[in-house]
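Okay, so here's the structure we're looking at.
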Amino acid sequence: MFFIFKPDPNMVRSILVACSDVDFSYAEVGATFSDDPRPSGYHINRYRRFLGHGEKRYQSAIHALSQGVMYRLSFAHPVFSHEREFCDQGVTLAVVARHFGIWSVNPVRIVYRGERRTGEARLFSLAAGTLCGHQECGEERFSIRFSDTEVWYELFSFYKPSHVLLKAIFPLIKLVLNRFNRESSQAVADFCDMVRISYRFS
């Protein structure tokens, strides 16, 4: 959904209410849970960034994802359907973004959230799937990997434009996606740094 002016939170929440009972806008719901997802017909995005070392860093990064910090960017912010702003399974939210002078409201629902082991590593993952009205169709998995004291932010998504008209501006979508990769990882890293400072002075 596109707007010339910035949509106010009440308008966004009314959109989310309308989306509360709708299905996901793609068929492969939960496909990102696989260690090597290969859904056909989609573009693939992979990105990872080193965050630091240790259990506290790992827990801080998990807390960042759970609060939706990866969506709090210079050009975007999340609006939750309820006052409790927490990315739990089944929660619906919208990522409100501004690209090239145009505002967009992009509804998503949290598909799953939790921790598991992959080999020697601990992996906390949180996935968001697109709903009707999102400018893309697909699913995005945010993960924090803890392996041999190292903490990594990992992002994987499969996506395609949700409308034929958006295919014409796909190169611009790629630019926005690359910016999202960089800024989302920086937002998580900054959050972890702030938590570390609070530990230091508490």
inquiry  = Membership question, hydrophobic clusters at under 4.5 Å side-chain separation (ILVMFWY): are V29 and I110 in the same one?
reply    = no

query = Shared ILVMFWY cluster between L175 and F75, side chains joined below 4.5 angstrom?
reply = yes

task = Taking all non-hydrogen atoms of both residues into account, name the closest pair between V105 and P7 and its distance.
result = CG2-CG, 3.6 Å

Side-chain donor-acceptor pairs under 3.5 Å in residues 86-104, sequence neighbours left out?
{"unit_1": "T92", "atom_1": "OG1", "unit_2": "R109", "atom_2": "NE", "d": "3.4"}
{"unit_1": "S104", "atom_1": "OG", "unit_2": "N106", "atom_2": "ND2", "d": "3.0"}

query = Parallel, tilted or perpendicular: which describes the rings of H43 and Y159, with under 30° parallel and over 60° perpendicular?
reply = tilted

ask   = Heavy-atom distance under 4.5 Å between the side chains of F142 and V188, does that happen here?
value = no

key: Intermediate values then yes/no, ring pair (Phe, Tyr, Trp, His ring centres under 6.0 Å), F80 and Y71   = CA-CA 11 Å; F80 288 77; Y71 291 130; 8.3 Å; no

ask   = Taking all non-hydrogen atoms of both residues, which atom of H134 and which atom of E136 are closest, and how far apart?
value = ND1-N, 2.9 Å

message = If I take atom CD from residue E139 and atom CZ from residue F156, how far apart are they, to the nearest 0.5 angstrom?
response = 9.0 Å

ask   = What are the two closest heavy atoms between I15 and P107, and how far apart are they?
value = CG2-CG, 4.4 Å

Worked check of ring pair (Phe, Tyr, Trp, His ring centres under 6.0 Å) between F24 and Y26 = CA-CA 6 Å; F24 292 96; Y26 62 104; 5.8 Å; yes

ask   = Do F33 and I44 share a hydrophobic cluster (ILVMFWY, side-chain heavy atoms under 4.5 Å, transitive)?
value = yes

key: Gap between atom OG of S40 and atom CD of E28 - 0.5 Å precision   = 7.0 Å

ask   = Quick one: does R57's side chain have a donor or acceptor within less than 3.5 Å of a partner on L51's backbone?
value = yes

Criterion side chain to side chain contact (heavy atoms under 4.5 Å, CB included) on L123 and E154, from CA distance to verdict = CA-CA 10 Å; L123 185 70; E154 299 178 346; 4.1 Å; yes

inquiry  = If hydrophobic clusters are built by linking Ile, Leu, Val, Met, Phe, Trp and Tyr wherever their side-chain heavy atoms come under 4.5 Å apart, do L73 and L126 end up in the same one?
reply    = yes

inquiry  = To the nearest 0.5 Å, what is the distance between CZ on R141 and CZ on F158?
reply    = 10.5 Å

note = Smallest heavy-atom separation, L131 atom then C19 atom, equals CD1-CB, 4.0 Å

key: Spatial distance of atom CD1 (I62) from atom SG (C192) [nearest 0.5 Å]   = 10.0 Å

task = Would you name the heavy atoms of G129 and V111 that are closest together and state the gap between them?
result = N-CG2, 3.6 Å

task = Please check if atom CG in N178 has more than 12 non-hydrogen atoms from other residues, nucleotides or ligands closer than 6.0 Å.
result = yes

key: N/O donor-acceptor pair under 3.5 Å between T130 side chain and G138 backbone   = yes

Shared hydrophobic cluster, V12 / F3 (ILVMFWY, side-chain heavy atoms < 4.5 Å) = yes

message = Is the terminal nitrogen or CZ of R48 (NZ for Lys, CZ for Arg) located under 6.0 angstrom from the six-membered ring centre of W152 and within 45° of that ring's axis?
response = yes

task = Apply side chain to side chain contact (heavy atoms under 4.5 Å, CB included) to the pair R49 and Q186, showing each step before the final yes or no.
result = CA-CA 9 Å; R49 173 176 174 162; Q186 187 62 54; 2.9 Å; yes

Interatomic distance, M70 atom CE to F191 atom CZ [nearest 0.5 angstrom] = 11.5 Å

message = Please report the interatomic distance CG(D8) to CZ(R13), rounded to the nearest 0.5 Å.
response = 9.5 Å

task = Only one of T149, V151, D148 passes side chain to side chain contact (heavy atoms under 4.5 Å, CB included) with H53; say which it is.
result = T149

For A27 against Y42, the heavy-atom pair lying closest together = N-OH, 4.5 Å

query = In terms of the angle between their ring planes, are Y153 and Y47 parallel, tilted or perpendicular, with boundaries placed at 30° and 60°?
reply = perpendicular

ask   = Is there any salt bridge (charged side-chain N to carboxylate O under 4.0 Å, His left out) pair reaching into residues 58-81, and which pairs are they, with sequence neighbours excluded?
value = R72-E85

key: Flag, side chain of E183 to backbone of S74, donor-acceptor distance under 3.5 Å   = yes

inquiry  = Would F146 and E115 count as a side chain to side chain contact (heavy atoms under 4.5 Å, CB included) here? Give the steps.
reply    = CA-CA 11 Å; F146 189 27; E115 184 183 52; over 6 Å; no

task = Indicate whether the side chain of R145 and that of T118 have a donor and an acceptor atom separated by less than 3.5 Å.
result = yes

